[in-house]
Amino acid sequence: MALLQISEPGKSTMPHEHRYAVGIDLGTTNSLVASVISGTASILEQKNKERLLPSVVNYSSTNTLVGSEAKELQINNPHNTISSVKRLIGKNLSDIDTKYYSLDLKGDDSVIEIQTDQGVKNPVEVSSDILKKLKETAEESLGNELYGAVITVPAYFDDAQRQATKDSAKLAGINVLRLINEPTAAAVAYGLDQNKAGNFVIFDLGGGTFDVSILNLSKGIFEVQATHGDANLGGDDYDQIIFKWLCKNNEINISDAKIKQQLFSLSRDIKEALTNKTSVKINEKINEKIHIQCELSQKEFEIITKDLTKKTVDSTRQALHDAGLSVSEIQGVVMVGGSTRMPCIQSAVKDFFKQPLLNNLNPDEVVALGAAQQANILAGNTNDSLLLLDVTPLSLGIETMGDIVERIIPRNSTLPVSMGQAFTTYKDGQTAMIIHVVQGERDLVKDCRSLAQFTLKGIPPLVAGAAKILVTFQVDADGLLSVSAKELSTGIQSAIEVKPSYGLSDEKIKKMLEDSFNLANEDKESRALSEVKIEGLQLLEMIENAIKEDPDLLKDTELTLLQKNLSELKKSLESSNRDHIEELTKQLNESSQSFAAKRMDRSIHKALTGKSINSLEF
Amino acid sequence: MQFNIDLNRLQKSYRIIQAEIHPDKFVSANQLEKEQSLIKSTEVNDAYQTLKDPIKRAKYLIKINLESEKNDSTLPPEFLIQQMEWEEHLESISEQLKELEQFKLLIDGEYQKAMSGLEILCDKDKNWNHAMEILNKIQFIDKLNFKITNQINLIEIK
């Protein structure tokens, strides 16, 4: 909860001062932070003048290092140095190939744990340390406390990975304005910068993830038509192919973590050298026994990695098909992510779309720049209108009899989206029910990604089949799922207990958050009280203003009830009774629901008539 | 409301409304407005998806106009025979790109023809029972078209 920038009572409708908002590209290999300064989005440099922060964290028993300092320790201190943590977030051990990590990885079914000299770390904590560093960089270079951030995630991230990313930000003390998809952010930077219109493809190959999105751009509107990708495919995989090739060609077998790390770095260097050289000679003495001598040509590199490249082209074809478009209807192809520098990728994409590629914005920076522009708009710093309409990358479904998935929300649905599904009981007097939610395109539960088990409780005991429970699945603008349920015959709201399949439980996150503040009990209490007061006050002011603006939307009885709730809340705000303030805020919130809905309808009507659309009869 | 609508205007209205109520416009608002924006924005997306797609739009129109809920999708026997013939044809040419593309043209034509029929039934005749029947036909044709396109894609990937 942000405690910043709250204006005094009665002044909330005044134009506010500048809110310091940033865009963060939390990458597999490198991370960046950017902000709009005097109207232009710029990357914020770190103290050492670097623009890219290597996404590497080193945990020694006494110290936590982030960025290039940590990266330098990668080879000599591999067990304590964590890189590519983005590949571990929202996953469990069985999801990953541990032999490619020089880390001591443990954990259970739902989360990965990394043993370091500083103790056990989970991927959320590691990401949060990277985010803290970026926040520090931003606050130092902006000279102000941050209001909030837009954080980018791969479009193809599933719910668990998105939730874990948001949790990391919370843990770093960042107010998340929105999670947006990386290709969409790139489109924003590109579209706003070049003022383009039409159908555009964003081809985004990063260090560890691949996304392709098809967007329709027109004057400040960015509508995603379809997205596809692979959350486990990136430049790292090309490094690994070279790594395997090196081992095979030089007949080496390694188990030593340090040597493994050295060879990984060497592989990456070879890949990067092949960007502008047709061939690279390698002559590297690793130790007394291992001396690597060989040559890799661009042509051969293209051949040994062709399966990876084909995957990206197949995804692109699928996205185009889902968008209902053909190659000839595409006005531009934007290349994003450092890995798109590889000549084999450039030529594969060029051949597929039969047109030159758009490379004029730095592929490493374009995502952060777009996120910064969106952050500036969300924070309300500009009157530029920008509407981002993004989609769900993967279908959401539930498990039904016989291990079959029933699809509830199809992929590529525009966000926010919700779908209701009715269930009934199959036993007399049944009062609870379990719903297993999965994400993916396959028909069998075991082939999809398990998201969570929802246990519905408090179903009124009726004969079998008599209770009708409407379960609503809502995916919000961050792409995050929430589930609610209601028994229709009695109108009873059922309680829902969520057990996420991956990632940390709500309680664990809450505890980590509390630990991180490290405050004394009385501090915690006063902090909590001021949060509750601010929320109550905001609501109170908003309703008072609303009554002034739209009195005709309220019936006398409604007005009387609202005024009663308002004066009760106002009185309680002078006290220090947290529970009471919370209760009255909740009451006012509930009694003003229909008023708020009517006001929203009125604003829709105004917008439509204002824009000279003569009638509303659709 | 009509079946035949101006899709350009639909898109324009949709964008104007979302620009007003999308959750992005309420990032710094209080909980009440955030919730309302989420609810409305979700509804508007649902409405737009329903109206944009001719099959969903027809389904919706028929649903609000047809008195009885019963939907016994009776298709005339000659169409059932036609269905079987098409399915068999698709099977026999499933590996031949040229034939598939030709077949797709034929099915596209059938789709267009049925859609024009549906438009008259909805907007002029207001014959909802008959409209239901044509809609069932269209849904079959649409699925068949999807299968053909998939097959063409499979061959192209190879």
Side-chain angles (χ1 to χ4, degrees), chain A residues 2 5 16 19 147-148 150 177-178 218 220-221 223 310 313-314 317-318 321 374 377-380 385-389 413-419 474-478 535 538-539 541-543 585 588-590 592-593 595-597 599-601 603-604 606-608 610-611 613 616-618, chain B residues 1-53 56-57 60-61 142 145-146 149-158:
Chain A
Q5 309 276 351
H16 66 79
R19 289 171 170 150
Y147 168 70
V150 166
L177 301 174
R178 182 72 73 230
S218 81
I221 295 169
E223 199 174 342
K310 184 174 181 299
V313 175
D314 289 347
R317 185 180 288 112
Q318 183 66 49
H321 175 73
Q374 173 71 339
I377 290 167
L378 294 183
S385 75
L386 171 69
L387 181 62
L388 280 193
L389 296 161
S413 299
T414 305
L415 297 175
V417 60
S418 99
M419 242 20 124
Q474 170 87 55
V475 184
D476 66 15
D478 287 326
E535 208 177 310
Q538 276 187 327
L539 181 67
E541 284 181 4
M542 185 240 134
I543 301 288
T585 306
L588 179 60
N589 191 9
E590 273 162 26
S592 44
Q593 291 285 335
F595 181 41
R599 272 170 53 84
M600 199 76 70
D601 288 341
S603 77
I604 291 175
K606 271 190 193 156
L608 282 174
K611 301 275 183 349
I613 287 208
L616 293 170
E617 29 127 325
F618 56 74
Chain B
M1 187 186 135
Q2 291 211 99
F3 175 71
N4 184 13
I5 57 171
D6 179 349
L7 286 172
N8 262 328
R9 199 174 128 191
L10 174 72
Q11 189 192 47
K12 221 186 239 167
S13 311
Y14 166 69
R15 289 176 168 183
I16 290 171
I17 297 173
Q18 283 295 16
E20 197 67 25
I21 59 161
H22 193 272
D24 283 356
K25 308 286 155 187
F26 294 88
V27 166
S28 308
N30 59 47
Q31 209 48 41
L32 176 68
E33 287 178 301
K34 276 187 181 164
E35 278 164 22
Q36 285 302 324
S37 140
L38 179 63
I39 293 169
K40 290 284 173 203
S41 182
T42 303
E43 280 175 10
V44 170
N45 274 335
D46 186 28
Y48 181 53
Q49 294 309 325
T50 305
L51 295 178
K52 196 171 73 167
D53 176 54
K56 284 186 191 158
R57 191 190 325 135
Y60 177 73
L61 260 184
D142 189 53
N145 204 337
F146 183 77
T149 315
N150 254 350
Q151 206 52 46
I152 293 175
N153 272 340
L154 274 178
I155 295 175
E156 278 176 353
I157 286 175
K158 278 180 209 158

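Proteins come first, then strands; the chains are lettered A, B, ... in the order of their sequence lines, and each starts at number 1. Not measured: the values here are computed from a predicted model.
- The CG atom of B:Asn153 lies 7.5 Å from the CZ atom of A:Arg317; values are rounded to the nearest 0.5 Å.
- For B:Asp46, the side chain to side chain contact (heavy atoms under 4.5 Å, CB included) test picks out B:Thr50, with sequence neighbours left out.
- The shortest heavy-atom contact between A:Leu387 and B:Ala19 is CD2-N, 3.7 Å.
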Can you list the steps and then say if B:Gln36 with A:Gln593 is a side-chain hydrogen bond (donor to acceptor under 3.5 Å, both in side chains)?
CA-CA 8 Å; B:Gln36 285 302 324; A:Gln593 291 285 335; 2.8 Å; yes
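- Between B:Ile39 atom CD1 and A:Gln474 atom CD the span is 8.0 Å, to the nearest 0.5 Å.
- In this model, a donor atom of one side chain and an acceptor atom of the other lie less than 3.5 Å apart for B:Ser28 and A:Tyr147.
- Annotation: side chain of A:His321 is in contact with side chain of B:Asn150 (closest heavy-atom distance under 4.5 Å).
- With a 4.5 Å cut-off on non-hydrogen atoms, A:Ile543 touches chain B through its side chain but not through its backbone.
- B:Pro23 places none of its side-chain heavy atoms less than 4.5 Å from the side chain of A:Asp476.
- Only the side chain of A:Ser218 comes within contact range of chain B, judged by heavy atoms closer than 4.5 Å.
- Interatomic distance, CG of B:Leu32 versus CG of A:Asn589, reported as 5.0 Å (0.5 Å rounding).
- Between A:Val475 and B:Thr42, every side-chain heavy-atom pair lies at or beyond the 4.5 Å cut-off.
- For B:Asn45 (side chain) and A:Pro416 (main-chain N/O), a donor-acceptor pair under 3.5 Å exists by modelled atom type.
- Contacts of A:Glu590 with chain B are absent, with no heavy-atom separation under 4.5 Å from either backbone or side chain.
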I'd like to know whether A:Glu223 forms a side chain to side chain contact (heavy atoms under 4.5 Å, CB included) with B:Gln11, so could you lay out the CA-CA distance, the side-chain angles of the two residues, the decisive distance to 0.1 Å, and finally the verdict.
CA-CA 11 Å; A:Glu223 199 174 342; B:Gln11 189 192 47; 4.1 Å; yes
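- Pairs engaging residues 21-43 of chain B under the salt bridge (Lys or Arg N to Asp or Glu O under 4.0 Å) rule: A:Arg178-B:Asp24, A:Asp601-B:Lys40 [sequence neighbours left out].
- Highest contact tally toward chain B, considering only A:Ser418, A:Ala477, A:Ser603, is held by A:Ser603 [criterion: heavy-atom pairs under 4.5 Å].
- A:Thr414 OG1 to B:Lys52 NZ: the interatomic distance, rounded to the nearest 0.5 Å, is 6.0 Å.
- At a threshold of 4.5 Å between non-hydrogen side-chain atoms, the residues B:Tyr14 and A:Leu389 count as touching.
- The pair B:Glu20-A:Lys606 does not count as a salt bridge, with every side-chain nitrogen at least 4.0 angstrom from each carboxylate oxygen.
- Contacts between A:Leu378 and chain B at a heavy-atom distance below 4.5 Å involve backbone atoms as well as side-chain atoms.
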